[in-house]
Amino acid sequence: MAQGNLSGAVDPTERAVQLVREARRVLVLSGAGLSTESGIPDFRGDSGVWTRFRPDDFRYERFLHDPAGFWRLRAQLMEALDLDRARPHAAHESLARAAASPRVLGHVTQNIDGLLQTAGHPEDKLVEIHGSARSVRCIGCGSFFPYEVARAAVEAGRFPPPCPACHQPLKPGTVLFGETLPEDRLMRAAEWAREADLVLVVGSSLVVYPVASLPGVALDRGARLVIANEAPTPYDGHADAVLRGRAGVVVPELLRSGGLA
Ligand code: NAD
């Protein structure tokens, strides 16, 4: 049992550490808040991406009807995210180390920035549920290319950037609003949610589906829930512990004290 403080209430940090220590099947869910300390803005925070761009401009239908116009804005969005400059921080690194433990089932990230992989996260325990901004895919032949291929074309004024193989338009490697999520990633994430005995949420507002549904799936099967997020989420009232600090401070400490990293 965690120690109570003088008022008898259990400190959320102690409670969270205890839950991590006891857990045998941890599922990590992460979002844009994991990477803000690496300099990548989130979507819904005070200086988030949606203070500068309109979500509707990045819908799949918009891409299909006007790929050139879509890419003009997309190139600006990629500049705003500035992924090339970003480096993983202590939370990415500790989550990558923790994932090597047999006590961690897997990690479903909504992030498209690739920083967990840069930090050495094992690929077989990571689901990038919204895809990756580091790649692009041809809508004609289906080939994948590094994002740099699209960037070079855009910088040369070619909108939309063409596939080097078949010249059809390239699409970002991310899942666009209104686009179907890949079935295999969804199934894997749902399976982990059903098996987990602890869900650890890091830096997500938990309002974007399907990730927003996963804590509920796990809670229905008796899992515990720990949320590490700066702002309130719709699941806070169902959580066993809510930690309000910055991910780069809270997460490494939690995983170290919990015996995972
Ligand atoms: P979100 O923007 O909806 O929520 C981010 C949450 O993180 C907010 O509640 C905020 O309070 C919290 N937060 C911000 N900085 C934090 C910090 N340092 N420590 C702890 N918490 C912090 O993001 P979401 O839930 O991931 O969902 C929305 C979408 O954002 C996803 O589709 C994702 O693909 C996309 N996105 C990803 C990136 C990225 O890859 N880095 C960047 C922007 C948006």
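Remember, it's 1-based here, ligands and their atoms both numbered in the order they're listed.
- Heavy atoms of V49 stay at 4.0 angstrom or farther from ligand 1.
- Of the candidates H130, Q110, R244, the one placing a heavy atom closest to atom 32 (O) of ligand 1 is H130.
- W71 contributes no side-chain N or O that, together with a main-chain N or O of A150, makes up a donor-acceptor pair within less than 3.5 Å.
- Protein heavy atom closest to atom 21 (N) of ligand 1, with residue, atom name and distance, is E230 N, 3.1 Å.
- The pair R224-E22 does not count as a salt bridge, with every side-chain nitrogen at least 4.0 angstrom from each carboxylate oxygen.
- Only side-chain heavy atoms of I40 come within less than 4.0 Å of ligand 1; its backbone N, CA, C and O stay farther off.
- Of the protein's heavy atoms, S205 N, 3.3 Å lies nearest to atom 4 (O) of ligand 1.
- Taking atom 25 (O) of ligand 1 as the reference point, the nearest protein heavy-atom neighbour is S204 OG, 2.8 Å.
- Minimum heavy-atom separation, D240 to R15: O-CG, 3.6 Å.
- Residue-to-ligand polar distances keep V207 apart from ligand 1: every N/O pair is separated by 3.5 Å or more.
- In the vicinity of G203, heavy-atom distances shorter than 4.0 Å reach the ligand 1 atoms 5 (C), 6 (C), 7 (O), 21 (N).
- A salt bridge links R244 with D236; the closest basic N to acidic carboxylate O contact falls under 4.0 Å.
- Which parts of ligand 1 touch A247 is read off a 4.0 Å heavy-atom cut-off, strictly below it: atoms 17 (C), 18 (N), 19 (N), 20 (C).
- Remark: ligand 1 and R246 share no N or O pair separated by less than 3.5 Å (distance only, no angle test).
- At distances below 3.5 Å, at least one donor-acceptor pair connects side-chain atoms of R103 with backbone N or O atoms of A23.
- Within ligand 1, the atoms closer than 4.0 Å to a non-hydrogen atom of V208 are 27 (O), 28 (C), numbered from 1 in the order shown.
- With D42 contributing its side chain and G33 its backbone, the two residues share no donor-acceptor pair below 3.5 Å.
- Between E37 and ligand 1, an N or O atom pair is found at a separation short of 3.5 Å.
- V49 and L77 get closest at one heavy-atom pair: CG1-CD1, 3.4 Å.
- E37 and G248 make their closest contact through OE2-N, 3.0 Å (heavy atoms, listed as atom of the first residue, atom of the second, distance).
- What sits closest to atom 10 (C) of ligand 1 on the protein, heavy atoms only, is D42 OD2, 3.7 Å.
- If you check each of I112, L77, N229 against atom 40 (O) of ligand 1, the one with the closest non-hydrogen atom is I112.
- Contact between G248 and ligand 1 is absent, with no heavy atom of the residue lying under 4.0 Å from the ligand.
- Considering only heavy atoms from C-beta on, T174 stays 4.5 Å or farther from F58 through its side chain.
- Residue-level proximity to ligand 1 for D113 is carried by backbone and side chain together, each with a heavy atom below 4.0 angstrom.
- Between R188 and D184 there is no salt bridge, since no side-chain nitrogen of the basic residue lies less than 4.0 Å from a carboxylate oxygen of the acidic one.
- A salt bridge links E148 and R151; the closest N-O separation between the charged side-chain nitrogens and carboxylate oxygens is under 4.0 Å.
- Considering backbone and side-chain atoms alike, A32 places an N or O below 3.5 Å from some N or O of ligand 1.
- The heavy atom nearest to atom 42 (C) of ligand 1, considering only S38, S35, P41, is found in P41.
- Within the structure, ligand 1 lacks G48 among the residues with a heavy atom less than 4.0 angstrom away.
- In terms of protein heavy atoms, atom 28 (C) of ligand 1 is closest to R44 NH1, 3.2 Å.
- When only modelled atom types and interatomic distance are considered, R21 and Q18 share no side-chain donor-acceptor pair under 3.5 Å.
- Residue G31 has at least one heavy-atom neighbour below 4.0 Å for each of these atoms of ligand 1: 26 (O).
- What sits closest to atom 15 (N) of ligand 1 on the protein, heavy atoms only, is T36 OG1, 2.8 Å.
- Interface atoms of ligand 1 facing G33, defined by a heavy-atom separation under 4.0 Å, are 5 (C), 7 (O), 13 (N), 14 (C), 15 (N), 16 (C), 17 (C), 18 (N), 19 (N), 22 (C).
- Of all heavy-atom pairs spanning G203 and N229, the tightest one is CA-OD1, 3.1 Å.
- L126 and W192 get closest at one heavy-atom pair: N-CH2, 4.1 Å.
- Below 4.0 Å from some heavy atom of G245 lie the following atoms of ligand 1, by number and element: 19 (N), 20 (C).
- Of the candidates W50, Y209, F43, the one placing a heavy atom closest to atom 2 (O) of ligand 1 is F43.
- A salt bridge is defined here as a Lys NZ or Arg NE, NH1 or NH2 lying under 4.0 Å from an Asp or Glu carboxylate O, and R62 with D57 meets this definition.
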